[in-house]
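Working notes, structure below.
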Amino acid sequence: MIEVYNAQDADAYVTFMTDDACEAGYRGAVLREGKEGVRSGLKAMFAQFPQNRADIIAGWCLGETVVLHEKVERAPDGDKFEVMSIYSFEGDKVSRVEFIR
């Protein structure tokens, strides 16, 4: 998923998700709802930040949950921040992603 995210391919990114998947703040409000909401949200973000990329610092997997510590860079000389991304799976598809920033 990170590879296609860094290629800014929102269409490929959502193929890894369930139809009703969402992205949300940790234990908070949903930011992007459903595959189409994730796709359109990512396309808008990639248009705003055409050099956006995420690098995995560390990752953990337990059952159907994957937690990634990521470094996100909006542009080479732009905003940089770290985030914990919690991916919940249903089978081999992501059903929810929550971000701690």
Side-chain angles (χ1 to χ4, degrees):
M1 283 182 88
I2 293 295
E3 183 179 320
V4 296
Y5 177 91
N6 286 338
Q8 296 198 356
D9 189 343
D11 295 322
Y13 184 86
V14 298
T15 64
F16 295 99
M17 304 183 98
T18 63
D19 290 337
D20 61 347
C22 69
E23 294 184 331
Y26 178 66
R27 301 178 72 184
V30 171
L31 307 169
R32 301 177 184 131
E33 192 161 355
K35 238 184 203 183
E36 292 311 310
V38 172
R39 181 192 328 266
S40 64
L42 286 178
K43 285 186 176 192
M45 185 188 65
F46 294 151
Q48 183 178 4
F49 302 105
Q51 294 178 308
N52 186 82
R53 68 173 286 109
D55 293 305
I56 298 171
I57 297 170
W60 302 267
C61 178
L62 181 61
E64 293 191 329
T65 304
V66 172
V67 178
L68 298 178
H69 179 190
E70 302 172 27
K71 181 176 72 176
V72 179
E73 185 175 321
R74 296 290 190 204
D77 295 325
D79 188 23
K80 295 176 179 74
F81 57 90
E82 292 183 19
V83 64
M84 296 295 285
S85 301
I86 304 164
Y87 294 80
S88 298
F89 282 79
E90 290 178 11
D92 63 347
K93 300 279 184 177
V94 174
S95 60
R96 184 176 179 92
V97 183
E98 291 185 274
F99 303 103
I100 302 170
R101 180 176 169 190

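The model shown is predicted, which means the values in this text are computed figures rather than measured ones.
For Ile2 against Ala54, the heavy-atom pair with the smallest separation is CG2-O, 3.6 Å. Listed here is the closest heavy atom pair of Val83 and Ile100: CG2-O, 3.2 Å. The shortest heavy-atom contact between Gln8 and Pro50 is NE2-O, 3.0 Å. Heavy atoms only, all atoms of each residue included: Leu68 and Gly59 are closest at CD2-CA, 3.8 Å. Nearest approach of Ala75 to Gln51, heavy atoms of both residues: CB-OE1, 3.7 Å.
Between the side chain of Asp19 and the backbone N or O of Gly34 there is no donor-acceptor pair closer than 3.5 Å. A side-chain donor-acceptor contact under 3.5 Å links Ser95 to the backbone of Ser88. For the pair Glu82 (side chain) and His69 (backbone), a donor-acceptor distance under 3.5 Å is absent. Glu23 contributes no side-chain N or O that, together with a main-chain N or O of Phe99, makes up a donor-acceptor pair within less than 3.5 Å.
The 12-atom threshold is exceeded at CG of Asp11, counting heavy atoms of other residues, nucleotides or ligands nearer than 6.0 Å. By the neighbour-count criterion of 12 heavy atoms within 6.0 Å, atom CD of Glu33 is sparsely surrounded, having that number or fewer from other residues, nucleotides or ligands.
No side-chain heavy atom of Lys35 sits under 4.5 Å from any side-chain heavy atom of Val38. You'll find the side chain of Val97 stays beyond 4.5 Å of the side chain of Arg32, heavy atoms only.
If you take OG1 on Thr65 and CD on Glu98, they are separated by 10.0 Å, rounding to the nearest 0.5 Å. In this structure, CE on Met17 lies 9.0 Å from CZ on Phe89, to the nearest 0.5 angstrom.
In terms of hydrophobic clustering, with Ile, Leu, Val, Met, Phe, Trp and Tyr side chains grouped at heavy-atom distances under 4.5 Å, Val67 and Leu31 are assigned to different clusters. Residues Tyr87 and Ile57 do not share a hydrophobic cluster, defined by chaining ILVMFWY side chains whose heavy atoms lie under 4.5 Å apart. Using a 4.5 Å cut-off between side-chain heavy atoms of Ile, Leu, Val, Met, Phe, Trp and Tyr, with links allowed through other members, Met1 and Met84 fall into different hydrophobic clusters. Residues Tyr26 and Ile56 fall into different hydrophobic clusters, defined by Ile, Leu, Val, Met, Phe, Trp and Tyr side chains chained together at heavy-atom separations under 4.5 Å. Residue Ile86 is grouped with residue Trp60 when hydrophobic side chains (ILVMFWY) are merged at heavy-atom distances under 4.5 angstrom, including chains of intermediate members.
One finds no salt bridge joining Lys71 and Glu73 here, because no Lys/Arg side-chain nitrogen approaches an Asp/Glu carboxylate oxygen to under 4.0 Å.
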Stepwise side-chain contact (heavy atoms from CB on, under 4.5 Å) test for Asp79 and Phe49: CA-CA 10 Å; Asp79 188 23; Phe49 302 105; over 6 Å; no

Test log, rule side-chain contact (heavy atoms from CB on, under 4.5 Å), inputs Arg96 and Val30: CA-CA 10 Å; Arg96 184 176 179 92; Val30 171; 4.2 Å; yes

Verdict with supporting geometry, Lys93 and Glu90, salt bridge (charged side-chain N to carboxylate O under 4.0 Å, His left out): CA-CA 5 Å; Lys93 300 279 184 177; Glu90 290 178 11; over 6 Å; no

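For the 3.5 Å distance criterion, the side chains of Glu70 and Ser85 qualify, holding a donor opposite an acceptor.
Every residue meeting the ring-ring contact (aromatic ring centres under 6.0 Å, His included) condition with Phe46, not counting sequence neighbours, appears here in chain and number order: Tyr5.
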